[in-house]
> 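This is the structure I have questions about; it appears just below.
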Protein chains: 2
Amino acid sequence: MAGLRERQKATRHRDILEAAGTLFRRAGYADTSIEAIAERAEVAPGTVYNYFQSKGDLLLALVALDGEEVRSIGSEMIAEPHADAFSAVQNLLESYVDHSLVHLTKELWRNAIATALTQPDSPFGLGYAALDRKLANQVGDLVACLQEQALIDREIDARVAGNVLFEICNSLFVVFVTQEAMPMEQLKRRMAEQIVLVFAGLQGKNSGSTRRK
Amino acid sequence: MAGLRERQKATRHRDILEAAGTLFRRAGYADTSIEAIAERAEVAPGTVYNYFQSKGDLLLALVALDGEEVRSIGSEMIAEPHADAFSAVQNLLESYVDHSLVHLTKELWRNAIATALTQPDSPFGLGYAALDRKLANQVGDLVACLQEQALIDREIDARVAGNVLFEICNSLFVVFVTQEAMPMEQLKRRMAEQIVLVFAGLQGKNSGSTRRK
DNA sequence: CGCGGAAAATGAATTGACTTAATTTTGTAG
DNA sequence: CTACAAAATTAAGTCAATTCATTTTCCGCG
């Protein structure tokens with residue numbers, strides 16, 4: 001059974017994460033001190049470190065929650081029937097970015113990506129990288145699925161195609177979060193033009209792949 | 001004429017940058033303190049902040065030097081004659097990553113990218129973003145150049161294609177620097193397979209672009 | 001020469017993330 | 001009920017980046 005100890009631990013974990021989420025969103029990442037998070041969670045500053053390795057881990061834990069949400073929405077989208085390949089891919093990738101600002105701000109994304117980069121071997125750094133890979137694979141799964149329906153050339157390596165499509169959007173997303181003024185609309189426009197370009201190579205009009213000589 | 005003051009200022013700037021570069025490479029970014037940099041440059045800690053806004057700016061200044069080098073090498077490569085489109089693009093993109101580890105380590109790249117992300121509005125943060133854009137445009141220029149030689153379909157938007165190609169490599173480069181163990185060879189292999197895939201859509205075998213319905 | 005003021009250098013003080021070692025609390029076995 | 005091992009909590013540090021009030025240095029001018 002769940003001992004008191006277990007329950008308290010889970011509660012604290014949640015409390016701290018919630019406090020951090022609220023304050024991060026309200027005051028920004030840099031201007032939120034661990035002390036303030038601890039106070040809001042009714043806990044001593046040091047206690048925060050029993051649950052999270054660092055301030056960055058706290059942020060990445062929030063991102064991870066979001067990531068799982070996006071991934072599960074994505075897997076539902078893959079299961080749905082697809083009219084054409086282009087819009088299937090576009091819809092999936094747009095669903096990722098659509099959800100990005102529901103729980104997080106651009107500033108939080110910037111800091112999350114930065115933390116994942118500077119601490120690549122910490123548990124959450126690894127977690128962030130794993131999430132990226134999962135989403136790229138998900139796009140790859142969609143491509144494979146579209147191949148089965150003959151909507152995309154079967155000669156194409158679905159894994160590579162998934163990576164390319166995901167990475168393009170990821171790069172554009174990074175630009176999006178670094179430019180506070182850039183509207184979501186513009187991000188999607190750029191995504192669309194780049195996906196179209198890649199798609200021109202995914203249709204397999206005749207020979208499809210390019211080999212030297 | 002250059003007064004003593006001007007000259008001293010330039011000297012200090014160079015001294016500090018050199019000290020930082022040496023120590024960053026030797027001990028790593030995190031383990032190099034501003035105090036150590038100041039000491040090596042024979043300057044007080046506070047003085048460093050007269051020349052650079054932050055430790056991160058110092059790092060980004062080093063990256064910017066590297067970036068200019070890469071850009072000028074790149075522009076020479078574009079001027080050379082090209083046998084085929086694929087290898088021209090591949091060579092240009094490989095030249096970028098080949099030079100990435102000449103003056104900087106993976107750890108420094110991670111921290112540089114992270115700093116550029118977290119301080120996007122600082123002068124060097126803007127500089128980093130501008131550099132990325134310049135390199136992407138350079139790839140675009142190469143594509144345009146190849147179009148003129150009829151090595152790439154003229155229907156393609158060279159700017160978009162340049163972006164796609166550059167961003168793909170940039171994404172792979174980020175993965176490369178976050179994984180200390182990943183060899184350059186593997187980065188290039190991944191780059192090649194993704195460029196090939198995009199290329200399949202740049203050849204314009206017949207209709208080229210994809211329009212819905 | 002040397003004086004006034006602007007620009008630059010200084011380094012001690014501040015700040016906040018993170019660590020640690022002592023204290024308190026919990027679940028349990030006797 | 002009680003004593004105790006394990007786990008959680010905390011308060012009091014450490015450390016390094018950054019700031020800022022003060023001092024020093026340079027330059028144009030009398």
> Please identify each residue that fulfils ring-ring contact (aromatic ring centres under 6.0 Å, His included) with A:His99, with sequence neighbours left out.
none

> For A:Tyr51, which residues count as a ring-ring contact (aromatic ring centres under 6.0 Å, His included) partner, sequence neighbours excluded?
none

> Are OP1 or OP2 of D:dC26 and a side-chain N or O of B:Arg7 less than 4.0 angstrom apart?
no

> Nearest to the A:Tyr51 side chain among C:dA8, D:dA8, C:dT10, which nucleotide is it?
D:dA8

> Excluding sequence neighbours, so at least two apart, what forms side-chain hydrogen bond (donor to acceptor under 3.5 Å, both in side chains) with B:Asn91?
none

> Choosing from C:dT10, D:dT10, C:dG16, which nucleotide comes nearest the side chain of A:Ser33?
C:dG16

> So what is the end-to-end bend of the helix from C:dC1-D:dG30 to C:dG30-D:dC1, with 5 pairs used at each end and the value given to 10 degrees?
20°

> If you measure from the Lys or Arg side-chain nitrogens to the Asp or Glu carboxylate oxygens, is any gap between A:Glu193 and A:Arg189 under 4.0 Å?
no

> Between protein and nucleotides 18-20 of chain D, what N or O pairs are separated by less than 3.5 Å?
residue : atom : partner : partner atom : Å
D:dT18  : OP2  : B:Tyr49 : OH           : 2.8
D:dT18  : OP2  : B:Lys55 : N            : 3.0
D:dT18  : O5'  : B:Tyr49 : OH           : 3.4

> Ignoring backbone atoms, establish whether A:Thr47 has a side-chain N or O less than 4.0 Å from OP1 or OP2 of D:dA8.
no

> List for me each residue that meets ring-ring contact (aromatic ring centres under 6.0 Å, His included) alongside B:Phe24, sequence neighbours excluded, and say none if there are none.
B:Tyr29

> Got a donor-acceptor contact below 3.5 angstrom from the B:Asp66 side chain to the B:Leu62 backbone?
no

> Any Lys/Arg nitrogen of A:Glu185 or A:Arg190 sitting under 4.0 Å from an Asp/Glu carboxylate oxygen of the other?
no

